Each structure stands twice: as structure tokens, then as C-alpha cells.
Amino acid sequence: MSDNDMNEREKTAMTEEQIETEDVSDANRGRVISDSTDEADDVLIETGPTAGLDDDKPSRGTGQTIVESRNIDVWYGDDQALRDVSIAIPENEVTAMIGPSGCGKSTFLRCINRMNDLVDICRVEGELTLGGKDVYDENIDPVALRRRVGMVFQKPNPFPKSSRDNVSYGLNVQGIEGDHDEIVERSLKQAALWEEVKDRLDESGLGLSGGQQQRLCIARAIAVDPEVILMDEPASALDPIATSKIEDLIADLAEEYTVVIVTHNMQQAARISHKTAVFLTGGELVEFGSTQKVFENPDSERVEDYITGKFG
Amino acid sequence: MAAGEDAVGRLRRGSGLRFEQLKGRVFEALLIGATLVGIVSLLVLFGYIVFDAVGPLAASPRWYLLYFGTLVTPTAAFTLYARRRPAVRAANARAFAAVFGGVVLSLAVYAVSDALSPYDVFIYLVFGGGPSVSIAVYARKMNDNTFAGPAVPVSMVIGVAVAAGFYDVLRPIIGTVPRWITYIAITTVPVAAITGWFAAREWTTRRGLLTAGVVVAGGFAVAGGALVSGIDPSFWVVLFSGTVVPVAFVVGSTAATNPEGRIGMLGPFVVIGGGLLGAVVERQFGIAGLDSYLTPTLLLNSWDGLNAANAGVYPQIVGSIIIVAFMGIMAIPVGIGAAVYLEEYAPATGWRGRLASLLEINIANLAGVPSVVYGLLGLALFRNTLGFGTGIVVAASGTLGFLILPIVVVSAQEAIRSVPDSRRRASYGMGASRWQTLREVVLPEAVPGVLTGTILALGRAIGETAPLVIIAVATTTYSAPSGLFSSATALPLQIFASAGNAKPEFRTGVVAATAIVLLALMILMNAIAIVVRNRYQKDD
Ligand SMILES: Nc1ncnc2c1ncn2[C@@H]1O[C@H](COP(=O)(O)OP(=O)(O)OP(=O)(O)O)[C@@H](O)[C@H]1O
Ligand SMILES: [Mg+2]
């Protein structure tokens with residue numbers, strides 16, 4: 001009990017402490033957010049869709065931590081999916097998550113943008129900060145959080161709308177102004193899909209092949225310019241050419257954004273990521289460090305076995 | 001060698017496998033048999049009703065020959081011609097929809113407005129529809145949906161309330177204009193706006209305005225012509241707006257966009273022309289025709305319980321339409337709203353979650369409660385508690401509304417539930433709020449299913465008899481209801497009553513013909529539902 005209380009007090013202290021950040025103007029990021037909440041600093045109770053997040057842009061300097069989890073435990077009902085996961089994800093770098101099926105990689109990604117809120121039986125304990133702010137604080141609006149943390153899901157899930165409307169969906173719901181057609185084109189080009197859909201932008205996104213749908217979802221996620229992009233096996237349904245294009249895209253994205261990517265492909269993790277986290281069955285984070293170190297000289301023997309394929 | 005033979009042997013059908021396949025075939029045959037029994041018994045029933053209604057035995061062989069020549073042969077030839085040509089078929093379908101849909105809708109609108117008084121319809125339409133449509137159009141134009149969502153229904157409700165409040169002031173003022181002008185306002189003007197909007201979308205804004213202007217001018221021209229010839233222009237204005245304009249628009253736009261299919265637009269005219277020609281010849285040469293009760297008399301007269309040839313169900317048709325329409329206006333938004341709450345908002349846990357699941361179970365059970373019981377509910381509420389007059393529209397609509405409410409809720413819930421969760425997750429993942437997810441993702445995908453369920457519920461309501469009997473709706477009235485608080489009757493009640501008439505021609509001919517009218521109303525509603533649903537599905 002006293003442990004819990006301690007935790008609570010710590011949390012409050014964290015949120016009350018205003019972390020100094022340099023303001024990155026939205027114009028730098030190539031777009032204007034229509035509902036300006038930048039002057040919301042002196043509002044005490046924040047409840048709007050952008051409450052609690054937009055007024056506090058973290059710094060862009062690399063080498064800083066943007067997402068940090070401390071002792072995260074996740075339960076689905078009585079089953080524990082994550083055990084005591086603590087990790088510090090660096091800003092503007094690619095962090096890969098690897099591990100056998102069912103070890104909780106997707107679950108951890110969903111903790112970062114609070115998609116787990118949508119699962120009724122899911123319970124998250126511990127602390128997870130984005131840019132120094134506790135995302136599970138009650139002042140944080142998950143909708144505003146997800147506008148800053150984009151996600152590409154494990155299974156492609158385009159809307160039954162045209163490809164154009166799929167990509168501009170986030171622009172519309174987030175009220176992002178600007179030339180939507182141009183943003184759509186740029187995002188589709190980045191996702192290596194433009195050539196294939198440019199002549200049928202008004203046809204349903206559901207009519208695309210599985211791999212095309214996945215790239216459409218990537219385009220949809222990057223169109224709104226999130227700060228952190230969570231990718232859950234974005235290349236699992238792609239052919240080698242599209243995969244290498246997506247890997248290039250991820251490398252590009254890392255210049256400006258933070259990318260967290262789940263993959264079952266060891267080579268891919270080694271190629272594109274700066275840091276690698278290895279989860280093993282039971283929902284433990286067994287190893288986390290620079291990709292080179294994890295792949296060449298892991299601390300844990302189990303990780304070495306997993307990476308070399310001795311155990312799945 | 002031996003190994004090869006073995007493989008072949010394994011690929012041959014063993015006797016066990018053969019028996020399995022035989023079982024499968026027998027099962028399939030049984031299923032086909034069950035289907036056939038159902039279909040054949042329905043066909044026999046319909047055949048029997050039609051036989052009674054139109055009396056085919058009375059017609060001479062020459063009559064059959066005549067219509068075979070004028071109606072059946074040209075229609076069949078045209079159908080054969082169109083069958084292999086998709087463009088022709090498409091044009092044909094559009095022309096049919098425009099002509100028959102237009103005629104039926106015009107008749108229904110005229111009948112209902114005439115019964116309720118076009119002045120009242122005008123007042124409520126202007127106050128309820130005017131502001132909300134303007135807001136919707138403005139929001140569309142400005143590309144700003146922030147307030148349009150809530151403002152449209154709210155302005156509609158406020159408008160209707162204001163109109164009701166100031167009715168006593170407004171009515172005498174509106175009452176000074178001639179009747180036909182109100183018909184121009186309630187039919188020609190909206191039709192002009194819609195065709196103008198279509199034309200503007202297809203071509204240019206200027207052309208859209210021009211089209212709308214031409215339609216309004218046409219309405220006045222028709223009215224002028226009627227006035228000069230000394231007849232009441234009202235009906236002709238409605239027919240012009242509801243039939244001539246849509247047909248002209250469809251013909252015009254098809255001719256422009258689908259040149260190969262042009263000829264297909266003749267389809268409905270082949271049918272109508274053949275029928276008219278047959279009728280003229282039949283009368284000219286005195287050919288013995290059908291002994292039919294399904295005649296204009298039935299549709300246009302009011303009831304005559306003594307002379308079957310003179311009996312009509314006009315008040316019953318109008319009563320049915322008004323009762324069901326008002327019921328829909330009340331029950332459908334409530335039902336869909338409840339379904340959306342239960343599916344999208346109600347929490348799964350906690351006391352509110354338990355309450356919601358309790359509600360859900362009860363609603364599902366209510367959908368199966370016999371309609372007589374709903375009649376008792378209506379009786380208790382409208383007559384015994386509120387003391388409403390006997391058999392008035394509001395009581396009938398309200399009782400039937402209770403009846404269809406659970407059906408609407410359950411079917412709308414099912415439609416909403418069929419939207420995959422991955423769509424919702426995708427939307428939330430893009431930073432959409434719950435309301436945005438609902439509006440942009442869930443509802444558009446659920447609309448076809450919701451509409452289907454709703455229309456099925458309306459079809460159920462239009463045929464209900466027992467609850468109306470319980471709340472003492474009259475089986476026969478001699479004029480259509482003049483308002484929501486005037487007494488009305490409905491088609492099924494009249495069917496029920498005439499089935500008990502002492503004269504045999506009522507028990508066979510009139511009852512069957514009235515049943516066909518009721519079925520036609522239902523089919524019309526279903527057709528509208530299917531058209532709307534297909535439109536939505538195409539937009540995906
Ligand atoms: N919605 C849910 N309800 C109940 N249990 C769940 C749910 N989602 C995940 N789990 C459980 O949590 C554990 C971790 O699942 P998760 O999807 O995070 O695994 P993963 O590492 O992403 O696996 P994969 O590589 O196969 O995608 C699994 O045991 C799974 O059964
Ligand atoms: Mg996963």
C-alpha cells in the first residue's frame with residue numbers, strides 16, 4: 001500500500017514540474033495546426049482534445065529520451081502480458097523491438113499511445129512518459145496523445161474509403177490545414193505507393209493488395225506529421241522491393257521523427273535500428289541497448305540464443 | 001511399378017468416400033426441396049390473391065390476345081433487345097425508376113398534403129426544413145462541419161416548435177394565398193433545388209441556377225394552363241414537379257452521358273403505351289375484360305360497404321401512409337440513437353455497464369413480444385392515461401412506434417456491430433475522437449444495414465392490425481385524416497373488416513385487391529430502401 005502511495009506522489013510531482021523545453025514552431029514542420037492551443041499554458045484544467053500535450057513540445061536535440069517507461073506491468077484480465085518493463089527510447093532514432101510471438105511487443109507499443117485504453121480488460125500499471133509528461137496522467141487526453149504518436153498496425157486496416165480519403169483522414173479529423181492533395185501525394189510517395197495508386201486515388205483503399213494496403217496505412221500515419229511513429233511489423237506483408245523502400249523511408253523519418261518498430265526480421269532490425277529491445281516470452285524486456293551491441297555481444301545468453309535462432 | 005499403382009489406387013474413389021459424397025448429395029437435394037416448398041406455397045398464395053382481385057376468368061380470349069399484342073409482345077421484344085446491351089439496360093432501369101417512382105411519389109405526396117392541408121405542410125416544412133437545410137448547405141460550402149452536425153437537427157426541432165407556437169398567427173396569413181401556390185412551394189421549389197443542385201454538380205453553377213429557374217417557371221406554366229382551362233391546378237403542379245421534372249431530368253442527362261443507351265429510356269413508355277392502346281381498343285370494340293376490383297375506383301373512392309364495385313380505400317391508404325410516416329419520424333431516431341449508445345458509448349464494466357447490458361437483454365426480448373401486447377400498452381398510455389380521442393393518428397403512430405422500437409434498436413445494433421473493430425482502432429490511432437470515429441467511420445459503414453432494418457420495421461408496422469384494433473382505431477373512415485389528432489384508419493383494418501362483410505364479392509374480390517394495394521405499398525417502401533442502400537454502398 002505505502003508503495004502505491006509513494007508512486008502516486010511521485011507521479012504528481014512529475015507532472016507539476018514544468019520541464020523547460022525549446023519551442024519548435026509548427027511552421028518548421030510544414031503545417032499549421034488550426035486550433036491553436038499554444039496559449040493554453042495558463043489554463044489550469046485542460047479538457048479539450050489537445051489538452052495537456054500540445055502546449056509542451058519537447059526538445060528536438062538528439063541524444064535525449066522522448067519515451068520513457070518505468071516498471072510498466074500490463075494485464076489482460078488475469079494474464080500478465082508485460083512484466084516490469086523499463087526502457088528509454090531516444091529521440092529521432094529508430095528503436096527496434098524484437099522477440100518471439102506473444103511476448104508483448106504489440107502490447108508495449110499500444111501502451112505508448114494508449115491504444116490499450118480501448119481494450120476493456122487491459123490494465124496498465126507503472127509510469128510512461130512522453131517528452132517528460134506522464135501519458136497516463138488524468139489530465140492527458142488520449143486523443144491528443146495519439147495526434148502526436150502515430151501508429152501503423154500489425155494488420156493493414158485501411159478505411160472503406162478512397163485511397164485519397166484514407167491518407168487525408170488524419171488531416172481532416174485533426175483539423176490540419178494546408179493543401180491536402182499535396183500532403184497526400186507527398187505521403188504516398190514517401191510510403192512508396194504513389195506510382196501504384198496515382199491513377200486511382202478515388203478508388204477504395206480496400207481494393208488494394210495486402211502490401212499496398214499496408215503502405216497506404218503508413219502513408220496515412222505519416223501524413224499528419226506525428227512526433228513518434230509506432231510501427232508494428234510494417235513490412236510483414238511486403239515484397240523485398242517495397243520492404244527496402246519502407247526501410248529507406250524509416251531511415252528518412254528518423255531524421256525528424258522518433259520511430260519505434262516491431263519486427264520479426266533480425267536482419268531488418270540490424271539494418272535500420274539504432275537501438276534494439278529484446279522481449280522474451282513472459283513479457284520481460286531482457287535486453288536493451290545499441291543495436292550493434294545487442295546483435296554482436298548480448299549480455300544475456302537467452303538473447304544470444306534467440307538472435308542466433310536456437311530458440312524461438 | 002507397384003508403388004505407382006498404389007498411388008493411382010489411392011486416388012480412386014473408395015467406397016467410403018463414395019458414400020460420403022452420396023450423403024452430401026442427398027442433403028443438398030433436401031435443402032432444395034425445402035426451398036421449393038417455401039417458394040411454391042408463397043406463389044400459390046399470391047396467385048390466389050391476384051386471381052380473386054382481378055377475376056381473370058371473366059375476360060374473353062380476344063382480350064388476352066389484344067393485350068398480348070399491345071403490351072406483352074412489345075415489352076418482351078424490348079426486354080430481349082436490352083438484355084445483351086448493358087448501356088440500354090442501365091438507361092431503361094433509370095427511366096423506369098423515374099417514371100414509376102415519380103408517379104407513385106407524386107400521388108402519395110399529393111394525397112398526404114391534401115389530407116393534412118397543404119397550408120400546414122407548407123408552414124412546418126418552411127420552419128422545420130428552411131433553417132436546417134440552409135445551415136447544411138452553408139456548412140458544405142464553407143467546408144466547415146464543426147457546428148453543422150448539431151445545428152441541423154436542433155434548428156429543425158426549434159423550427160417545428162416555433163411553427164407550432166405561432167400556428168394561429170401564421171395560418172390565417174398563409175391561408176390568403178391560393179392552394180396551388182402552396183403546392184408550388186412544397187413540391188416545385190424543393191424539386192427545382194434538387195435538380196439545380198444536380199445540374200450544378202454535373203456541369204456549372206450557372207447551368208444549375210438555370211435548371212432550377214426553368215423548373216419553377218414550368219410549375220407556374222402548368223398552373224397557368226390549368227387555371228385557364230378552369231381546373232384546379234394543385235394536382236397538376238404536384239404531378240409536374242414529382243413526375244415530369246424527374247423524368248425529363250433523367251432523360252436529358254442519360255441522353256447526354258449515355259448515348260448508346262438512349263433507346264433504353266423508351267422502356268417505360270413501351271409498357272404504358274401498350275397498356276393505354278389496349279384499353280382504348282378494348283373499350284372501342286367492347287371486348288369483355290377482366291372482372292377486376294383492382295381499379296382506379298378502389299384507389300380513389302372512399303368505402304362503400306354495400307356496393308363492392310363502388311368501394312374504395314383512398315382514406316385507408318392515406319391513413320396508413322400518415323400513421324407510418326409519423327411513427328417513423330418518432331421511433332426511428334430514438335431507436336437508432338439507443339443503438340448507437342448501446343454499441344459505441346455504453347461502458348462494458350461498472351454499474352453503468354451492467355445497466356446497459358440489462359437494457360440490451362430487455363430490448364432484445366421486447367422485439368419478440370406479440371403485437372397485441374403493444375396494443376395494450378397503447379391503450380393504457382394513450383386512452384386510459386392521456387385520454388386521447390379514439391383512434392386518432394397520434395395514438396396509432398405511438399402504439400406502432402413502441403412496437404417497432406425494439407426492432408429498430410436491435411437491427412441497428414447489429415449493423416453497427418458488424419463494422420470491424422480494426423476500423424475503429426485505425427481511426428482512434430489517427431487521433432480521432434470518439435465522435436469523429438463514429439461519424440466518419442462507423443456510421444457510414446453501418447448506414448446500409450441500419451436502413452435495411454428500419455425499412456423492415458416500417459414494413460412490419462404498415463401491416464399490423466391487432467394493436468390498432470386494441471386501441472380502437474376505426475376499421476372504416478370515410479375521409480382521410482386531416483391532422484395528427486384526427487381519427488384515421490389503416491389498410492389492414494379495412495381488409496379485416498371487409499373480410500367479414502356479408503356480401504361474398506367483398507370477401508373475395510375487394511379483400512384481395514386491398515391486400516394487393518397494401519403489398520404494393522410495402523414493396524414501394526422496400527424499393528426505396530434498396531435504392532438508398534445501393535447508393536450508400538456505391539459511395540464506399
Ligand atoms: N486484446 C487482448 N486480449 C487478451 N489478451 C491479449 C490481447 N492482446 C494481446 N493479448 C495477450 O498478450 C500477450 C502479448 O500479446 P502481443 O500481441 O503484445 O504479442 P506480440 O509480441 O505482439 O506477438 P506477435 O509477434 O505475434 O505480434 C499474448 O499472450 C496475447 O495473448
Ligand atoms: Mg504483435
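Values reported hereafter were calculated over all heavy atoms of this structure, with side chains retained and with hydrogens, waters and symmetry mates removed. Please read all numbers here as calculations on a predicted model, not as lab measurements. Chain letters run A, B, ... following the sequence lines, proteins first, then strands; residues in each count from 1.
In this structure, the side chains of E445(B) and P160(A) come closer than 4.5 Å at one or more pairs of heavy atoms. Side-chain contact check for S427(B) versus F159(A): some heavy-atom pair is nearer than 4.5 Å. When side chains are defined from C-beta on, Y169(A) counts as touching V441(B), because their heavy atoms get closer than 4.5 Å.
Taking all atoms of both residues into account, the shortest heavy-atom contact from S433(B) to V143(A) is CA-CG2, 3.9 Å. When all heavy atoms of M115(A) and R425(B) are compared, the pair lying nearest together is CE-O, 3.3 Å.
Residue R424(B) does not touch chain A at all, counting heavy-atom pairs closer than 4.5 Å. Only the side chain of L206(A) comes within contact range of chain B, with at least one heavy atom under 4.5 Å from a heavy atom of that chain.
Checking each of R220(A), M151(A), R147(A) against M430(B) for a side chain to side chain contact (heavy atoms under 4.5 Å, CB included) leaves exactly one that passes, namely R220(A). Just one residue in the list N113(A), L118(A), D117(A) forms a side chain to side chain contact (heavy atoms under 4.5 Å, CB included) with Y428(B), and that residue is L118(A).
Heavy-atom neighbours of R200(A) CZ from other residues, nucleotides or ligands within 6.0 Å: above the threshold of 12. Crowding of D78(A) atom CG: a count of heavy atoms from other residues, nucleotides or ligands under 6.0 Å not exceeding 12.
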